[in-house]
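Remarks on the structure that follows.
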There are 2 protein chains.
Amino acid sequence: MIRLKDVAKKANVSPATASLALNNSDKVNAETMRRVQKIAAELNYIPDVRAKALKAKETKILGLVIPEIDNPFFSEIAKEIKRVAKKNGYNIIYCGVESQQEELDYINLFRGMQVDGAIFASSVSKVDANLALIEELAANFIPVVFINRLPKHTENIIAVNSELEKAPQVAIEHLVKLGHQKIAFAGKENESRMKGYLKALQKLNITYNNHYTFKNILSFEDGYKLGEKIAKQQDRPTAIICHNDEVAIGLIQSLVRLGLQVPADISICGIDNIRLSHFYNPALTTVNIPNKKMGRQATKILLAELNSSPEQKAKLFKNDYNFSVKLIERETTRALN
Amino acid sequence: MIRLKDVAKKANVSPATASLALNNSDKVNAETMRRVQKIAAELNYIPDVRAKALKAKETKILGLVIPEIDNPFFSEIAKEIKRVAKKNGYNIIYCGVESQQEELDYINLFRGMQVDGAIFASSVSKVDANLALIEELAANFIPVVFINRLPKHTENIIAVNSELEKAPQVAIEHLVKLGHQKIAFAGKENESRMKGYLKALQKLNITYNNHYTFKNILSFEDGYKLGEKIAKQQDRPTAIICHNDEVAIGLIQSLVRLGLQVPADISICGIDNIRLSHFYNPALTTVNIPNKKMGRQATKILLAELNSSPEQKAKLFKNDYNFSVKLIERETTRALN
DNA sequence: TAGATAATTTAAATCGTTTTAAAAAAGGAT
DNA sequence: ATCCTTTTTTAAAACGATTTAAATTATCTA
């Protein structure tokens, strides 16, 4: 293990000078700098991040907390965030969480100051048990940005949102225009999309039918199983809006397998507009959520927070970020009869 | 920011005692220990990982390097690795890499000793440019385990493998049994699966046709585009083996869209056996690669390396891990006429 | 109760950097 | 040559924990 002092000794300077030289300080003689850097390279010296961070309070690492990453919606976000971060000299580590507890572990890791900042893109159950802790993290340790998690920014956390609640409404409007009234929703109770569905029904004066909301449907598999249930159902909806594209695709998969036609027999609409939805057969009608845009914005904000004066920072907190959603009409929805 | 000495002061003990108490040392009086721990909890004290690691040489964090995570094959591995690690008190950070350079960044991060050990599950182009550096990492810094990357273990790196090269052979044998001879392969040049395909052709005495190997086909989209090409092709293969299930599904998607039937007109076989392949319609015939098993084994080895004496460690290096692959026959392959 | 032993606590060194303040060297002006 | 700047280098403190070895206190034995 090569230490700074090894480099210094070989270059005949003190550790202090060596440190300065390696950090391109203009206090050090140009010739000395070149010599030290050359020797460091020869010895393949890599500074100890822990020691460095301990003193310099910087690791150039950002943490990204996301739900376990089999959902392409999130992997697209993750990729975009990394792209922007890398371009600005920061490394990203992903923290995939499946439960409140796991998220908590990472919050503590972050509190231990391994990272310079964090983005939380993890959706969370109705009571946000970790919110207080994250608030504290943001207040005392590192800047934090949320993606689709808080309604608005709080004292210490900036939130980048999309109009998630409006997505089902957009879908319903589209379906109503096509003559549908029996419009179902498959998703998660108390989550913004499900809420948005219920609100939109009221707003558009469509009678709510208890049999038309399917709860706890989140994954491809859930959608698949739901299809088996719906195929057997008596009073079948004529259209179903799904919590995300994966559910929609799983659903279509099983409906078709059981002999139902999409969209001839039943219209299906997804939410998210993941890349796959475009290539699916039939191509999926869905509501676009600008995930990459959110990722990009969140990262920019985080970087700005890290590199700005208190006044600039205050200004950052004046803004609210709420990106709009948009229907992408493709092949899985069609006019009734 | 609460420091150890703050806790110590409030508990009326020295930092040394506080440290001992918080680490459950039996050198400290039971009553003192309780008092210190209580106060630490009250103050919401969380130790600084950097400082801790600097002295104690331990972070309880493992790094996992994987290709960017839109491929479910890898997210399944990742999840499994995290499960095992968590159970043993270690946290996992994911490092998604898309290029040699990105991988290099993480190697350096690891060299800076932020993590206690690392698993590399990233596949890499034909010349493994980073191998020497990873070797050095393993020799001088932290234990490293490879998944599907090296043929065998080296001096310092244990490799957990599956018989990837045999996967195409298994598929071909299945297809030949069904009467196919015009068997194509879509994948990546110089990669083990492609190599396995060519070898198997020879071995099974099937004439090689230049038009039947499609190169640079790795993703869902690649498969989709390939379908458009194959649909137009004159001398079409009767069966296609794909580099992975995503390619297979993309391929089927576009073939069907262009009016070809699978498996009536053409048989398709995937590799990987991702969860989705089971739910796909028609359900995908594929070759199972035991990814979770590999993840589990790799993690166990890493943990063993971290917690074992030199002799035990030597013993670990005696073993080779090479899991077998297996055909999963489902609905996308069928007998030729 | 002295003396020995065991249990508990603590001062100080340490990990590998950065940074501050002071020292040394170099350059310039008279 | 002397004094004053400016440039360059360095010794030492600091970051926040752990750990070693020494000091203190408590317990036991005869």
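The basis for the numbers below is simple: all heavy atoms, side chains too, and nothing from hydrogens, waters or symmetry mates. Everything quoted here is computed from the prediction, not taken from an experiment. First the proteins, then the strands, lettered A, B, ... as listed; each starts at 1.
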Phosphate OP1/OP2 of C:dA7 contacted by B:N29 side-chain N/O (<4.0 Å):
no
Atom CD of B:E58 to atom P of D:dA17: distance rounded to whole Å?
17 Å
Return the value, rounded to whole Å, for the distance between atom CG of A:D6 and atom P of C:dG16.
9 Å
I need the CD1-C1' distance between A:I46 and C:dG16, as an integer number of Å.
15 Å
Donor-acceptor pair, A:N91 side chain versus A:I61 backbone, under 3.5 Å?
no
Matching residue for B:K79 among A:E102, A:E98, A:E68 - test: salt bridge (Lys or Arg N to Asp or Glu O under 4.0 Å):
A:E98
Treating A:N130 as the side-chain partner and A:Q100 as the backbone partner, does any N or O pair qualify as donor plus acceptor under 3.5 Å?
yes
Of the listed D:dG16, C:dT17, D:dT9, the closest approach to the A:K27 side chain comes from D:dT9
Under the criterion side-chain contact (heavy atoms from CB on, under 4.5 Å), I'd like the reasoning laid out for A:Y106 against A:L109: C-alpha separation, chi angles, the key distance, then a yes or no.
CA-CA 5 Å; A:Y106 287 113; A:L109 211 65; 4.0 Å; yes
Between A:N156 (side chain only) and A:E136 (backbone N and O only), is there a donor and an acceptor less than 3.5 Å apart?
no
Starting the side chain at C-beta, find the nucleotide from C:dT8, C:dT17, D:dT18 nearest to B:T32.
C:dT8
For salt bridge (Lys or Arg N to Asp or Glu O under 4.0 Å), just list the numbers for B:K9 and B:D6, CA-CA rounded to whole Å, side-chain angles, deciding distance to a tenth of an Å, and then say yes or no.
CA-CA 5 Å; B:K9 190 181 286 179; B:D6 301 321; 5.7 Å; no
Donor-acceptor contact below 3.5 Å, side chain A:Q37 vs main chain A:A21
yes
If only atom types and distance count, is the side chain of A:R35 paired as donor or acceptor with the main-chain N or O of A:A11 below 3.5 Å?
yes
Report the distance from atom CD of A:E31 to atom C1' of C:dA25, rounded to the nearest whole Å.
16 Å
Could you tell me the separation between the CZ atom of A:R3 and the P atom of C:dT18, rounded to a whole number of Å?
14 Å
Rounded to whole Å, CZ of A:R34 lies from P of D:dT8 at a distance of 13 Å
So if I take every side-chain heavy atom of B:L4 and compare against D:dA17, C:dT9, C:dG16, which nucleotide ends up nearest?
D:dA17
Please answer whether the main-chain N or O of A:P151 pairs with a side-chain N or O of A:N161 as donor and acceptor at a distance below 3.5 Å.
yes
Has A:Y45 got a side-chain N or O lying under 4.0 Å from the OP1 or OP2 atom of C:dG16?
no
Whole-Å distance, B:K9 NZ to D:dG16 C1', equals 14 Å
Name the pairs: protein N/O against N/O of nucleotides 10-14 of chain C, kept only if under 3.5 Å.
| unit_1 | atom_1 | unit_2 | atom_2 | d |
| --- | --- | --- | --- | --- |
| C:dT10 | OP2 | B:S14 | N | 2.8 |
| C:dT10 | OP2 | B:S14 | OG | 3.4 |
| C:dT10 | OP2 | B:T17 | OG1 | 3.0 |
| C:dT14 | O2 | B:K55 | NZ | 3.3 |

Pairwise N/O distances under 3.5 Å, protein to nucleotides 24-26 of chain D:
none

Atom pair distance, as rounded to whole Å: CZ in B:R111 and C1' in C:dG16
15 Å
Tell me whether the OP1 or OP2 atom of C:dT19 has a side-chain N or O from A:S19 closer than 4.0 Å.
no
